[in-house]
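Here's the structure, in structure tokens; my notes come after.
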Amino acid sequence: MAEAADFQGTRPSPARRWLRRTGALLAGAPLLAGVLQLPAPSASYASEAGIAAEVTGSRTVDVSLNSLSPSVPSDGDTLTVSGTIVNKGKQAITAAHVGLRVGPTLNGRSAIDDAAKNNPYAGTEVGGKYVTKFARLAPGVPQTFSISVPVDKLDLGSDGVYQLGVTLTGRTTAAPYEQILGIERTFLPWQPEAADTKTRTTYLWPLISTSHMTAETGSNEQQTPVFADDDALAAEISPGGRLERLLGLGKDLDVTWVVDPDLLASVDAMTRSYRVQVNGSSTTTTAGTHQAVAKQWLGELEAAVENEEVVALPFADPDLASLAHNGTPVTGSLSHLKDASTVAATTVESILHVTPDTDYAWPVDGAIDPSIVKVATSAGAGTVLTRSDSLEEGGALPYTPSAARPIGGGVTAVVADARMSKAFQGDMTVAGNSTLAVQRFLAQSLMLTLQVPDKQRSVVVAPQRLPTAGQAQTMAQALTALQGGNWSQSAELSAATKAKPDAGATTRVPSASSYPSSLRKQELPQTAFVQIEGTQRKLDSFQVVLSDKSRVVTPFGRAMDRSMSASWRGRATEAMGYRNGVERYLIGLTEGVGLIDKSEAKLSGRSATIPVTVQNNLVQGVDHLVLRLTSTQPSRLSIGDGAYEEQPVSVAGGHSQSVKFTTNAHANGRSAVVAQLFTEDGRPYGPEVTFDVKVTEITATVMLVIAGGVLLLVLAGFRMYTQRKREAARQAALETGNAPTDDEAAPAPADGTESGDGAKSGDDHDTRNGREKASAPESGAADPEHPGDPDDPSPDTAPEITDPSGTGERVDR
């Protein structure tokens, strides 16, 4: 971008500054001439005389600038600079001192970038008593310094951004003359009076985390959530943690909160009873214990965002670029983005009790191309948050335009300033890095205002998605200084979006080839979206049979949103593990409803019923299922009236149900039968079960044998009846005394034995009576009071003749 207009914002220097500098140059002219003839040591002398010096020494001293206060000085302030120096050389340094050097104002935003690089220019040392002296600096021994200088001693003139150098000057044995052996450069914004037109600055404050919850929930009514881990999230929201610092610092700043509803849902789940997987196992969990810290953080957040602007990203912050580049070829992928966008508002409202703005889509690092814009707006967002290093200016404007501009199709692009947005990346736990980042951020902000001081513009700052605690601390320090400065005023994101676009600002979305290759390498692959869609199909098939779909659809829907999260970038292995876990758990649930395996069934008649058992191991009932039983050989065995028969199935939770089918045998032998569950819309549910039915047709010979047996049973029964009747008559006659005696009644022996042997005859009678008594319990089981005739034979046939029992199942006939 052209920087010509940077000079438009530089106000003329006061006459006293012009005279003083002119006099200094004139006074130094003879000395400068001498420098050209003198050896190198005179370069330091020129510096002390007021001439800007080059870094002439070996630069073996590391100078770290740990603090600079105030970051934006005003008239009457005292600037205090402190830091650390370390001699990294092998020789001791003597006669050393640390001093401040003030350079001229910079002439544009790109000049700040150049000065931040390896610029050997040191500037003019303030000198005098405003130095810290060291008699000797031993190698490797850190030393601290602190210099306090009244601002009026810095000789600052017109408003602008000044270079500020902190140098270590000293001598070594090899070079026994004063030279600059180390330097650290930074910037000093100077705007002592309020600007006539202030820049409206919007700073996005992101509350986003990685995914922590699984798709698993408890079988109780509350559906106790299960976390893959809770320690990591608890550490972030605990005192000193990343999210705790962002919350604690952000509540005192004028910022626009950008939240991921998944983070809110996860912390909210931790406020109640929850479980945690043990070593990633879905079968072994333990009770969560971080309820207190979750309640504390969520309560403070609710208070912090009250009456503040809150932007809700789609649930779980889906990776829009991955969807655009790799997900759109997979049918159904965009539906997940729509679901994530729909649930975002309700999640934030129910937890924080504020109404969020859901009109924004934020691709990773603000990098866009036409496909990303198309995907980002497909779920209903009308505004895309991009960045100026993606939607670059073509040079038509000599200044930084306002953030908002139309890009076609009714879509507005809000272009965050890349320089300011990337100011706090890196390790901000190092004091030197933090101090330099703050000063550079403020310098860029002031320079942007000075480009066209009479034109108000809106600038948006979108920092990294997951700032560390150290980065958050540094951001807050810079914002505090900016909001206390004289050239900027805070503004909400909605105001920046509605601001009038600058005529001539770039509105052309960069081509797909312009998308950074470094970001493309981190995207979710197409195979990830294929797996997610496969899981969705399994879920669609499963939910239609459930009596309470919400118990499954909601947790799995949110889990698939998490599977597409931008937080998986750079963590491909963990992302795949999460997707596999979701799919595995869903398969386990679907297998809880299915058919019980059957062994071979035997059919010994022309028709019978075959039972097939459906088991439901879920806690809720299932219905809308159809069980189909199909014969593979209908000419041998038909089911119902044809090759197959279907019956509806409804099974209560934790129960099983047997469904009976009528079969008809047409020939002997084996016939394979297939049982399969279907949903009501005809989709197979679960694996099929195949078993054999052995058909044994009853022949005529077998029927004759059975008939003969039945006839014998009938005859035996009739004989028993007549014998019992005759015996009853004889007993009645004995009781009345009219019955013949044994001698009279006994017939002559058939073998011609003499009947006069009373003993022998009595023995025969007793023996017969004894046999009769012994058989009474068996033969008279039906009527104990009327024993059967002693000559009646015992039955020698079974009630029914059947084939020997086999190894197959019993079949109802």
Side-chain angles (χ1 to χ4, degrees), residues 1 202 204 206 208 256 258 260 311 313-314 317-329 333-334 337-338 340-341 357-397 400-422 425 458-466 493 496-497 499 501-502 504-524 526 529 564-570:
M1 184 180 70
T202 300
L204 306 185
I208 303 172
T256 293
V258 180
D260 175 9
V311 172
L313 299 175
D317 187 22
D319 193 334
L320 301 177
S322 294
L323 267 170
H325 298 154
N326 303 319
T328 50
S333 293
L334 290 181
L337 177 60
K338 293 180 180 178
S341 300
D357 193 335
T358 58
D359 194 47
Y360 293 91
W362 189 15
V364 172
D365 286 357
I368 62 172
D369 61 25
S371 65
I372 295 175
V373 173
K374 184 177 180 180
V375 166
T377 57
S378 65
T383 307
V384 178
L385 292 171
T386 181
R387 208 165 64 183
S388 60
D389 54 353
S390 180
L391 197 65
E392 295 181 333
E393 295 301 319
L397 290 178
T400 301
S402 288
R405 73 272 318 258
I407 56 175
V411 179
T412 299
V414 173
V415 185
D417 187 81
R419 288 184 174 102
M420 299 172 68
S421 297
K422 296 190 293 184
Q425 297 177 357
S458 296
V459 61
V460 173
V461 182
Q464 56 272 31
R465 264 176 159 74
L466 302 173
L493 180 60
T497 304
D502 287 84
T506 297
T507 59
R508 181 177 176 274
V509 177
S511 64
S513 61
S514 300
Y515 190 80
S517 59
S518 58
L519 292 179
R520 193 179 290 271
K521 292 177 182 178
Q522 297 179 344
E523 293 176 352
L524 294 171
Q526 184 170 330
F529 294 98
M564 300 189 303
S565 174
S567 66
W568 296 119
R569 283 189 171 240

So, the side chain of S458 versus the backbone of S402: is there a donor-acceptor pair under 3.5 Å, distance only? no
Between atom CZ of R465 and atom CG of L204, what is the distance when rounded to the nearest 0.5 Å? 10.5 Å
Verdict with supporting geometry, Y360 and V258, side-chain contact (heavy atoms from CB on, under 4.5 Å): CA-CA 10 Å; Y360 293 91; V258 180; over 6 Å; no
Tell me every residue that passes salt bridge (charged side-chain N to carboxylate O under 4.0 Å, His left out) with D389, counting only those two or more places apart in sequence or in another chain. R387, K422
For S514, check side-chain hydrogen bond (donor to acceptor under 3.5 Å, both in side chains) against everything at least two apart and list the hits. S511
Full working for side-chain contact (heavy atoms from CB on, under 4.5 Å) between W568 and D319: CA-CA 9 Å; W568 296 119; D319 193 334; over 6 Å; no
Where is the tightest heavy-atom contact between T256 and V311, given as atom of each residue plus distance? CG2-CG2, 3.9 Å
Minimum-distance pair of heavy atoms, taken over all atoms of F529 and S333: CB-OG, 3.9 Å
Can you list the residues that meet the side-chain hydrogen bond (donor to acceptor under 3.5 Å, both in side chains) rule with S390, with sequence neighbours excluded? none
Rounded distance [0.5 Å steps], CG in D317 versus OG in S567: 7.5 Å
Run the numbers on L524 and N326 for side-chain contact (heavy atoms from CB on, under 4.5 Å), then give the verdict. CA-CA 7 Å; L524 294 171; N326 303 319; 5.6 Å; no
Please round to the nearest 0.5 Å and tell me the distance separating atom OG1 of T497 and atom CG of D359. 8.0 Å
Contacts of type side-chain hydrogen bond (donor to acceptor under 3.5 Å, both in side chains), residue D417, not counting sequence neighbours: R109
Let me confirm one number: the OG-CG distance from S421 to L385, rounded to the nearest 0.5 Å. 10.0 Å
Which atom names give the shortest non-hydrogen contact between E393 and P401, and what distance separates them? OE2-CG, 3.4 Å
Could you state the interatomic distance from OG1 (T506) to CD1 (I407), rounded to the nearest 0.5 Å? 12.0 Å
Any side-chain to backbone donor/acceptor pair from T386 onto G366? Under 3.5 Å, distance only. yes
Quick one: do I208 and L466 satisfy side-chain contact (heavy atoms from CB on, under 4.5 Å)? Show the steps, please. CA-CA 6 Å; I208 303 172; L466 302 173; 3.9 Å; yes
Taken to the nearest 0.5 Å, the spacing of D365 CG from R569 CZ works out to 7.5 Å
L320 versus A361, closest heavy-atom pair with distance: CD1-CB, 3.8 Å
Just to verify, what does T412 make a side-chain hydrogen bond (donor to acceptor under 3.5 Å, both in side chains) with, not counting sequence neighbours? none
Please set out all donor-acceptor pairs under 3.5 angstrom arising from side-chain atoms of residues 370-377, sequence neighbours excluded.
| residue | atom | partner | partner atom | Å |
| --- | --- | --- | --- | --- |
| S371 | OG | D369 | OD1 | 2.7 |
| T377 | OG1 | V373 | O | 2.9 |
| T377 | OG1 | K374 | O | 3.3 |

